[in-house]
Amino acid sequence: MEINESLIRKVAEVARLELTDSEIKKFTPQLREALENFSKLQEVDTKGVKPSFQPVEIKNVLREDVPKQCLTQEQALSQTKHKKDGYFKGPKVV
Amino acid sequence: MGVKEFIENAKSGSIDIVEHTHRVLDESKKLAKEYNYFNTVSEELALELANNIKKSIKSKDSRIKNKKLFGLPISIKDSICVKGVESTAGSRILKGYRPLFNATVVERAINEGAIIIGKTSQDEFGFGSFSVNIGLGFKTPKNPVDPERSCGGSSGGAAGLAKKASFPHIAIGESTGGSIAEPASFCDIFGLTPTYGRNSRYGNIDFGNSLDKLGTLGKTCYDVALLEEVIAGHDINDSTTINAPVDRYSDLNKKNAKKMRIAVIKESFTEGLGPAVEKKVWGGIKKLESEGIKYEEISLEMPIRYGLAAYYMIGTSEASTNLAKFCGMRYGNESELEGNFNQYFTKIRSSHFSEEAKRRIILGTFARMSGYRDAYYIKAMQIRALMTREYKKAFKKYDALVSPTVPILPPKFTEIAKLTPLQNYMMDVMLVGPNVCGLPHLNVPVGYEKALPVGMLLTGDHLQEKKLLELGNLFEVEDV
């Protein structure tokens, strides 16, 4: 797989980042160098090894289903200027 | 005056907590200006907490005297939420965010009488080893020993402050890939990163959910142990916390340490290690030997060889999903709602994340994309399982593993500027193993070389932080 400018541009778009031309020029060789180095992971035989998604094994943890006080609507909305009729207001979808 | 003596004196009534807190805030503001250790000094909160303690002393409430952190100044890394105090994780995208709640560790510290003095500076979201990858508009903290050099990262402000403050103080930091031990090493202090899940992550602004560990930094081993004892333990708000009893970490017994067996990791003394660091770390090992502690040398290939790659794949993957929520809505930095949602989110994210955040988001997004996921993300998780297996085998025989904390002495900012991102990432080579596998580790200062501090790393098995603290406590003598 080749790490080139068009791949970096595509990945950035997926991540909702718009990179400037100079950022693309700077990042491409840097990310290529990093990913080439990290490709050494492929050397390791991991056949049949269960991925360790957590460093310490955990099981499903449930808490008792009892109602408790959470943030009020007013509190939840207190950090933004974009609100209307008790709701968050966002940019238009279409 | 040290932490222990301060708390004893404060409890005896010989220190006026409010007056003391005023002096602490004055010095903190000075250090914020000269050394950039704070993103925010929380003056109002600190004085409120100090006044509360003063009032409860007057009310003769007997419970107040049992508080373990009675009136003690505690700083909080900026990535950890403090109610009503701007908490940004060092990022412009979170500018203006004042959490509506305290992180569990902050709540527990306050309940034990802590005075929260402010939010310490860091690499943006923890993305760095030198605290130079700061968010747009933030300032890089300077090494307390030599201000032309880095104090390490990402908990750089925490470590610098822990060393430089003349007042008694312990810091709460956070480590994803080495961000407590590394700055502790560069700043000549102790830094404890406990087992993953020992401390609650509730209220931490996430970097990597399977990697983030909140921990403590301080001038003595007792200091980091004391604060850890307060903040550790199961938390209903974090389902990944471990439901096991918390040891009395601050009850450190030198006799226990002398019975321990340790192993030196051979691979950590090979390529890229500076001679000054090698000399001082061996000095530390010999010091342990002189205390009657036997050591052997062992090979631990997997963590040193593959740890870094596994760490960066797991860390950036998790970071890229965590950072997806920052989009200029609900809290943090906002702009006028222009364009459709894709345009608005893209504009906010592109203009408020710094370069390193963008690089890591791209790396992580790539590693999770269809076609690459198995080769990078899943593979890294499998390698974590193999690394853990190797560590667990070693811990059947040894109580702790020893290596240098960082391969080099604290570098000058001019030297750091010449490094590529990959060379920057290599700084974490000794630290990623324990961090990826969730193992507790402690930086122990082992003296100065060329007038710069060197740190030795002790790594233990899951939930064995007490052993590391007892070993580290042997270094609390002036002859190191």
Side-chain angles (χ1 to χ4, degrees), chain A residues 1 3 7-8 10-20 23 26-27 29-31 33-56 58-64 71-72 75-83 88-94, chain B residues 97-98 100 195-197 210-211 236 239-240 242 305-306 309-310 312-313 320 324 327 329-332 334 337-347 349-350 353 355 358-359 361-363 365-366 369 372 375-376 378-386 388 420-422 425 436-438 462:
Chain A
M1 159 226 31
I3 309 293
L7 178 70
I8 298 301
K10 186 180 148 200
V11 179
E13 195 188 330
V14 172
R16 302 292 180 270
L17 289 174
E18 188 177 27
L19 301 182
T20 61
E23 281 175 326
K26 190 173 178 184
F27 291 177
Q30 290 174 339
L31 295 170
E33 186 193 26
L35 280 165
E36 275 170 8
N37 182 283
F38 300 161
S39 293
K40 72 164 78 143
L41 292 177
Q42 312 311 323
E43 292 169 15
V44 185
D45 181 8
T46 51
K47 207 173 164 196
V49 177
K50 203 173 131 201
S52 164
F53 290 106
Q54 292 286 328
V56 179
I58 47 169
K59 293 189 183 126
N60 277 341
V61 182
L62 304 170
R63 68 167 171 79
E64 277 185 61
L71 294 183
T72 62
Q75 284 173 324
L77 289 165
S78 66
Q79 299 277 319
T80 180
K81 59 181 179 186
H82 298 312
K83 52 195 160 189
F88 289 111
K89 194 178 164 196
K92 62 184 175 193
V93 177
V94 279
Chain B
Y97 172 51
R98 285 184 174 73
L100 298 159
T195 308
Y196 174 84
S210 80
L211 299 165
I236 196 167
S239 61
T240 59
I242 299 169
R305 190 163 169 74
Y306 300 107
Y312 275 94
M313 289 293 91
S320 66
C327 60
M329 271 184 69
R330 305 186 302 276
Y331 53 89
E334 297 177 322
L337 293 173
E338 287 167 352
N340 68 29
F341 72 101
N342 263 338
Q343 289 163 335
Y344 177 73
F345 296 165
T346 303
K347 184 179 137 196
R349 291 163 62 76
S350 305
F353 284 136
E355 265 193 13
K358 289 179 187 173
R359 259 192 300 266
I361 290 171
I362 292 171
L363 265 178
T365 305
F366 171 80
M369 271 166 73
Y372 308 114
Y376 289 99
I378 299 294
K379 189 84 179 178
M381 295 288 188
Q382 289 174 309
I383 288 170
R384 163 149 71 187
L386 294 176
T388 306
T420 68
L422 181 63
Y425 299 165
V436 164
C437 299
H462 290 140

Portion of A/Ile3 that has a non-hydrogen atom of chain B nearer than 4.5 angstrom
side chain

What option among A/Ala76, A/Ala34, A/Gly90, A/Ala12 has the most heavy-atom pairs under 4.5 Å with chain B?
A/Gly90

Identify which part of B/Gln343 has an atom lying under 4.5 Å from any heavy atom of chain A, answering side chain, backbone, both or neither.
neither

What part of A/Lys83 gets closer than 4.5 Å to chain B, counting heavy atoms only: side chain, backbone, both or neither?
neither

Assess whether atom NZ of A/Lys40 is packed by more than 12 heavy atoms of other residues, nucleotides or ligands within 6.0 Å.
yes

Part of B/Ala310 within contact of chain A (heavy atom distance under 4.5 Å):
both

Below 4.5 Å from any heavy atom of chain A, which atoms of B/Ile242 appear? Answer side chain, backbone, both or neither.
side chain

Decide yes or no for B/Pro421 and A/Phe27: does some side-chain heavy atom of the first lie under 4.5 Å from some side-chain heavy atom of the second?
no

Polar side-chain atom of B/Lys379 near backbone of A/Val44 as donor-acceptor pair, under 3.5 Å
yes

Before giving the answer on side-chain hydrogen bond (donor to acceptor under 3.5 Å, both in side chains), spell out for B/Arg98 and A/Gln79 the whole-Å C-alpha distance, their side-chain angles and the decisive distance to 0.1 Å.
CA-CA 7 Å; B/Arg98 285 184 174 73; A/Gln79 299 277 319; over 6 Å; no

Does any heavy atom of chain A fall under 4.5 Å from the side chain of B/Phe366, the backbone, both, or neither of them?
both

Quick one: of A/Leu35, A/Leu19, A/Val14, who has the most non-hydrogen atom pairs under 4.5 Å with chain B?
A/Leu35

Quick one: closest heavy-atom pair of A/Pro91 and B/Phe341, and the distance?
CG-CA, 3.5 Å

Checking A/Gln42 against chain B: side chain, backbone, both or neither under 4.5 Å from a heavy atom?
both

For A/Lys81, is it the side chain, the backbone, both or neither that has a heavy atom under 4.5 Å from a heavy atom of chain B?
both

Scan side-chain atoms only and decide if A/Glu33 and B/Thr420 contain a donor-acceptor pair under the 3.5 Å cut-off.
yes

Atom pair NZ (A/Lys89) and CG (B/Leu337), whose distance is rounded to the nearest 0.5 Å
6.0 Å

Heavy-atom side-chain contact between A/Lys26 and B/Glu355 under 4.5 Å:
yes

Under the 3.5 angstrom rule, does the side chain of B/Arg330 hit a backbone N or O of A/Thr80 as a donor-acceptor pair?
no

Out of B/Ala375, B/Gly438, B/Gly197, B/Cys327, return the one with the most heavy atom pairs under 4.5 angstrom to chain A.
B/Ala375

B/Leu422 and A/Phe38: CA distance, side-chain angles, deciding distance, side-chain contact (heavy atoms from CB on, under 4.5 Å) verdict
CA-CA 10 Å; B/Leu422 181 63; A/Phe38 300 161; 4.1 Å; yes

Portion of A/Lys50 that has a non-hydrogen atom of chain B nearer than 4.5 angstrom
backbone

Shortest non-hydrogen pair, B/Leu100 vs A/Gln75, comes out as CD1-O, 3.2 Å

Dump the intermediate steps for side-chain hydrogen bond (donor to acceptor under 3.5 Å, both in side chains) on B/Tyr331 and A/Ser78, then the final yes or no.
CA-CA 8 Å; B/Tyr331 53 89; A/Ser78 66; over 6 Å; no

Interchain contact, B/Ile236 with chain A, by part (heavy-atom threshold 4.5 Å):
side chain

Proximity breakdown for B/Tyr196 and chain A, heavy-atom pairs closer than 4.5 Å:
both

Rounded distance (nearest 0.5 Å) linking atom OG1 of A/Thr46 with atom CG of B/Leu386
7.0 Å

Backbone of B/Ser210 reached by a side-chain donor or acceptor of A/Gln54 within 3.5 Å:
no

The interface call for B/Tyr376 against chain A, heavy-atom contacts under 4.5 Å, is both

Looking at B/Arg349 and A/Glu18, does any basic side-chain N land under 4.0 Å from a carboxylate oxygen?
no

Examine whether an atom of A/Phe53 lies under 4.5 Å from a heavy atom of chain B, and if so say whether it belongs to the side chain, the backbone or both; otherwise answer neither.
both

Are any side-chain N or O atoms of B/Arg384 and backbone N or O atoms of A/Ser52, one a donor and one an acceptor, separated by less than 3.5 Å?
yes

With a 4.5 Å cut-off on heavy-atom pairs, point out which of B/Gly339, B/Ala380, B/Ser320 contacts chain A the most.
B/Gly339

So for A/Leu77, is it side chain, backbone, both, or neither that comes closer than 4.5 Å to the heavy atoms of chain B?
neither

Given a strict heavy-atom distance threshold of 4.5 Å, which part of A/Leu71 is in contact with chain B: side chain, backbone, both, or neither?
side chain

Min side-chain heavy-atom separation B/Asn340-A/Val93 under 4.5 Å
no

Nearest 0.5 angstrom please: B/Ile362 CD1 to A/Glu13 CD, how far?
12.0 Å

Given a strict heavy-atom distance threshold of 4.5 Å, which part of B/Thr365 is in contact with chain A: side chain, backbone, both, or neither?
both

Could you state the interatomic distance from OG1 (B/Thr346) to CG (A/Leu17), rounded to the nearest 0.5 Å?
7.5 Å

Heavy atoms, side chains only, cut-off 4.5 Å: are A/His82 and B/Met329 in contact?
no

Using a 4.5 angstrom heavy-atom cutoff, name the option from A/Val49, A/Val61, A/Leu31 with the most pairs to chain B.
A/Val49

Taken to the nearest 0.5 Å, the spacing of A/Lys59 NZ from B/Ser239 OG works out to 14.5 Å

